[in-house]
Q: 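Structure incoming, see below.
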Amino acid sequence: MSLEIINNKGVFEVCGDFTSENKGKVKEYFNDLLDHYYEVVMCLENIKKIDESAIDVLKFIHKKATKRSKVLFVLGKNNTMIKRTFRIFNISYIFKNDYN
């Protein structure tokens, strides 16, 4: 399955398979958003599949946001398709619970 990023009223929904085949698309897209906006909201609720290379991209995006004092909200903590992978790679810290 391919990957699509949808801007849903300022919430950027990543939909489909977030794998090595399309990690560059996500990295480039959110890298550009962090260059232009103070606050970015990424939603992972519609991810069907994720792999280690996608985790590396998420770490990169999170690190860039932190270095530049940007606010990055990552939603999708309850997505059962990614929950186990996030736990294995110890990246659950990336999720924020305080976005409304």
Side-chain angles (χ1 to χ4, degrees):
M1 182 179 197
S2 63
L3 181 122
E4 188 176 12
I5 302 170
I6 301 166
N7 181 352
N8 186 1
K9 299 178 185 171
V11 175
F12 297 92
E13 299 176 359
V14 183
C15 306
D17 293 345
F18 187 3
T19 60
S20 59
E21 296 160 358
N22 44 37
K23 69 180 182 180
K25 180 178 182 179
V26 177
K27 184 176 182 178
E28 184 179 317
Y29 193 92
F30 284 93
N31 195 28
D32 186 55
L33 287 175
L34 288 170
D35 284 343
H36 295 95
Y37 297 100
Y38 170 74
E39 182 178 290
V40 175
V41 182
M42 174 192 284
C43 179
L44 303 177
E45 291 175 1
N46 296 312
I47 295 290
K48 304 294 181 207
K49 184 178 177 185
I50 194 164
D51 66 11
E52 186 174 354
S53 61
I55 297 296
D56 290 340
V57 169
L58 290 172
K59 287 179 180 179
F60 168 82
I61 293 166
H62 182 266
K63 187 175 183 178
K64 180 175 181 172
T66 303
K67 276 186 173 182
R68 293 190 168 190
S69 300
K70 304 282 182 137
V71 179
L72 175 66
F73 288 100
V74 181
L75 312 176
K77 185 179 190 175
N78 295 320
N79 180 343
T80 56
M81 303 303 270
I82 65 173
K83 192 181 269 190
R84 183 173 181 267
T85 305
F86 272 67
R87 199 171 34 248
I88 289 169
F89 289 100
N90 196 27
I91 191 174
S92 295
Y93 63 86
I94 200 170
F95 293 110
K96 296 231 188 222
N97 295 324
D98 54 354
Y99 178 77
N100 291 321

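Small disclaimer: the values here were computed from a predicted structure and weren't measured. Values reported hereafter were calculated over all heavy atoms of this structure, with side chains retained and with hydrogens, waters and symmetry mates removed.
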Q: Measure the CG-SG distance between Asn46 and Cys15 for me, rounded to the nearest 0.5 Å.
A: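 One finds 4.0 Å between CG of Asn46 and SG of Cys15.
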Q: Is there a donor-acceptor pair closer than 3.5 Å between any side-chain N or O of Lys70 and the backbone N or O of Lys64?
A: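 Checking the backbone N and O of Lys64 against the side chain of Lys70, no donor-acceptor pair under 3.5 Å is found.
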Q: Can you check whether Val57's main-chain N or O pairs, donor with acceptor, with Lys23's side chain at less than 3.5 Å?
A: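 Here the side-chain-to-backbone pair does not exist.
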Q: On a heavy-atom basis, which atom in Lys25 and which in Glu4 lie closest, and how many Å separate them?
A: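 Minimum heavy-atom contact is NZ-CA, 4.1 Å.
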Q: So, the side chain of Asn22 versus the backbone of Asp17: is there a donor-acceptor pair under 3.5 Å, distance only?
A: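 Yes.
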Q: Indicate yes or no: at least one non-hydrogen side-chain atom of Asp35 is less than 4.5 angstrom from one of Arg68.
A: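 Yes, side chains in contact.
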Q: Among the clusters formed by ILVMFWY side chains lying less than 4.5 Å apart, do Tyr37 and Leu58 turn up in the same one?
A: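 Yes, Tyr37 and Leu58 fall within the same hydrophobic cluster.
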Q: Do Glu45 and Asn79 have a side chain donor and acceptor closer than 3.5 Å?
A: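 The criterion, which ignores hydrogens and geometry beyond distance, is not satisfied for Asn79 and Glu45.
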Q: Any heavy-atom pair between the side chains of Val26 and Phe18 that's under 4.5 Å?
A: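 Result yes, sub-4.5 Å side-chain heavy-atom pair found.
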Q: I need the Lys49 NZ to Ile82 CD1 distance, nearest 0.5 Å.
A: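 Taking NZ in Lys49 and CD1 in Ile82, the distance rounds to 15.0 Å.
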Q: Any chance you could lay out the side chain to side chain contact (heavy atoms under 4.5 Å, CB included) test for Val40 and Leu34, step after step, and finish with the verdict?
A: CA-CA 7 Å; Val40 175; Leu34 288 170; 3.8 Å; yes
Q: CD1 of Ile91 to OG1 of Thr85: how many Å apart, nearest 0.5 Å?
A: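 One gets 10.5 Å once the value is rounded to the nearest 0.5 Å.
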Q: Heavy atoms only: give me the nearest Ser69-Tyr38 pair and the separation to one decimal.
A: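 Result for this residue pair: O-CE1, 3.2 Å.
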Q: Could you check whether any side-chain heavy atom of Val11 comes within less than 4.5 Å of a side-chain heavy atom of Phe73, counting everything from C-beta outward?
A: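 Of all side-chain heavy-atom pairs linking Phe73 with Val11, none is under 4.5 Å.
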Q: Mark yes or no for whether Asn7, through its side chain, and Gly10, through its backbone, hold a donor-acceptor pair below 3.5 Å.
A: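 Side chain of Asn7 to backbone of Gly10, a donor-acceptor pair under 3.5 Å: yes, one is there.
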Q: Among residues two or more places apart or on two chains, list those pairs meeting salt bridge (charged side-chain N to carboxylate O under 4.0 Å, His left out) that have a residue in residues 81-93.
A: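 Residue pairs passing salt bridge (charged side-chain N to carboxylate O under 4.0 Å, His left out), neighbours aside: none found.
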Q: Answer whether the closest heavy-atom distance between the side chains of Leu44 and Leu75 falls below 4.5 Å.
A: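 A side-chain contact is absent here, since even the closest heavy-atom pair is not under 4.5 Å.
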Q: Near Lys59 NZ, under 6.0 Å, is it more than 12 heavy atoms from other residues, nucleotides or ligands?
A: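 Above 12, so yes.
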Q: Return the CZ to CG distance between Phe95 and Leu72, rounded to the nearest 0.5 Å.
A: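 It comes to 11.0 Å.
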Q: Quick one: does Val41's side chain get under 4.5 Å of Val71's, heavy atoms only?
A: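 No - every pair of side-chain heavy atoms lies 4.5 Å or more apart.
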Q: Could you tell me whether a side-chain N or O of Asp51 sits under 3.5 Å from a main-chain N or O of Ala54, the two making a donor and an acceptor?
A: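 Present.
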Q: Given side chains that start at C-beta, do those of Met42 and Val14 come closer than 4.5 Å, heavy atoms only?
A: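 SC-SC contact between Met42 and Val14 confirmed.
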Q: From Glu28 CD over to Ile5 CD1, what is the distance, rounded to the nearest 0.5 angstrom?
A: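 Those atoms lie 9.5 Å apart.
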Q: When rounded to the nearest 0.5 angstrom, what is the spacing between OH in Tyr29 and CG in Asn31?
A: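 Interatomic distance, Tyr29 OH to Asn31 CG, rounded to 0.5 Å: 13.0 Å.
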